[in-house]
Amino acid sequence: MAWKSVRIEKGSGGWGGPLFITPTAQKHKFIYVTGGNRPKIVDKIEKITGMKAIDGFKTSIPENETALAIVDCGGTLRCGLYPKKGILTVNVMPTGKSGPLQQYITPELYVSAVGEKQVSEVSDNAAATAASSPAASADPEVADADEAKFDTTKPITQQPNKQNFIAKIGIGAGKVVATFNQAAKEAVKTVINTIIPFMAFVALLIGIIQGSGIGKAFAKIMVPLAGNVWGLMILGFICSLPFLSPLLGPGAVIGQIIGTLIGVEIGKGHISPQFALPALFAINTQNGADFIPVGLGLEEAEAKTVEVGVPSVLYSRFINGAPRVFVAWLASFGYIPVNNLI
């Protein structure tokens, strides 16, 4: 079969790239892990290159046969998982270097904010020229330098004599300090890029709810469900439906929004605090549904395991979705109103 090369560049607000994908006899398939939907770029790439697209939520292919991975990650894990494995990654969302695996996200492996306009056909020669990077040739003078006993132009920790005891101590101490320093940097980045934006989002959401009157309207709709165990079980049942969970799961955004709204109504006294625990279980029956292929990929599961594991988890969440809400309701007995303690 005659395959063709494709060029994928970043869109408005995107990051990384451009990527050049040239199918080969070994790598002529690509996967998309996009919350159960099929982005339009999948069809365009499939049409241009002649490669076969695989839905990562239904099946999987070996990593050494994967030419490309398409994700819709907002900056949690998927955007860095495939670059870590050396797989070219396209993100339909405008996400840059983000998440716990951001150190693996490089312009050579990753591009984001990609739509149909960012995908174009190129000649194989152009793709080969753009994708190749000249390797540095070995310098015989450098090899000879390794034999030197001492180089007066370098500090002691960079001397070619590996048997130098003082140099070993310096290098070891430097590695320890660098490790802790890098860990501190990554911790601060995680707080700045993930935790603080979410706190700001929740604060903004609460302000909108209180200022716009949405809370009162929401209370009228949700109180019949969130105010009794049967309504919460219905809510949990809906969220756990296998065909809805992959759509509701990404980023747990739906659960976050509903959880914030219910929390506000509990604070206002419209919903009894006794239903906080079962409500938490009800809105999170879909939680992790979009993460199943990613989690299995992190564990380096075989293709057949991913193919069987995804529907298994979805259906298991569906079966125990409503019952777990009921169990949480039983566990909420013994609640003592704060007023009775004063």
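Computed over heavy atoms, backbone and side chain alike; hydrogens, waters and symmetry mates excluded. Positions are given from 1, in the same order as the sequence printed here. Note that the structure is predicted; figures quoted are calculated from it, not measured.
Note that the NZ atom of K4 and the CE atom of M51 stand 13.5 Å from one another [nearest 0.5 Å]. For the atom pair E46 CD and K52 NZ, the distance stands at 9.0 Å (nearest 0.5 Å). Atom CD1 of I70 is separated from atom CD1 of I31 by 9.0 Å, given to the nearest 0.5 angstrom. In this structure, the separation between NZ on K84 and CG on L81 is 7.5 Å, given to the nearest 0.5 Å. Summarising the geometry, atom CH2 belonging to W3 is positioned 7.0 Å from atom OG1 belonging to T24; distances are rounded to the nearest 0.5 Å. For the atom pair T66 OG1 and I87 CD1, the distance stands at 4.5 Å (nearest 0.5 Å).
Looking at L68 and I8, their side chains come closer than 4.5 Å, going by heavy atoms from C-beta outward. A heavy-atom distance below 4.5 Å is not found between the side chains of I21 and F30. With contacts defined as side-chain heavy-atom distances shorter than 4.5 Å, the pair W329/L232 does not qualify.
Within the hydrophobic cluster formed by Ile, Leu, Val, Met, Phe, Trp and Tyr side chains joined at under 4.5 Å, directly or through other members, V327 stands alone, with no partner residue.
Residues V6 and S120 come closest through the heavy atom pair CG2-O, 3.2 Å. Across all non-hydrogen atoms, the minimal contact from A331 to L277 is CB-CD2, 4.1 Å. In terms of heavy-atom proximity, I48 sits nearest to E121 at CG2-CB, 3.7 Å. In terms of heavy atoms, G13 sits closest to P94 at O-CB, 3.6 Å. Listed here is the closest heavy atom pair of G14 and A113: CA-CB, 3.5 Å.
Between the K85 side chain and the E63 main chain, no donor and acceptor come within less than 3.5 Å of each other. Proximity of a side-chain donor or acceptor of S5 to a complementary backbone N or O of T22 within less than 3.5 Å is not detected. Under a 3.5 Å cut-off, the side chain of D72 and the backbone N or O of V92 do not form any donor-acceptor pair. Looking at E65, its side chain never comes within 3.5 Å of a backbone N or O of K29 through a donor-acceptor pair. The closest donor-acceptor contact from the side chain of R7 to the backbone of P18 lies at 3.5 Å or more, if one exists at all.
The aromatic rings of W15 and Y110 lie tilted to each other, with the angle between the two planes from 30° to 60°.
In the hydrophobic clustering of ILVMFWY residues, with side-chain heavy atoms under 4.5 Å counting as a link, V229 and L280 come out apart. Under a hydrophobic clustering in which Ile, Leu, Val, Met, Phe, Trp and Tyr are joined whenever their side-chain heavy atoms come within less than 4.5 Å, directly or via other members, V114 and I105 fall into different clusters.
Residues passing the ring-ring contact (aromatic ring centres under 6.0 Å, His included) test with F318, sequence neighbours excluded: F237.
Salt-bridge formation is detected for the pair D43/R38: a Lys NZ or Arg NE/NH1/NH2 atom is positioned less than 4.0 Å from an Asp or Glu carboxylate oxygen.
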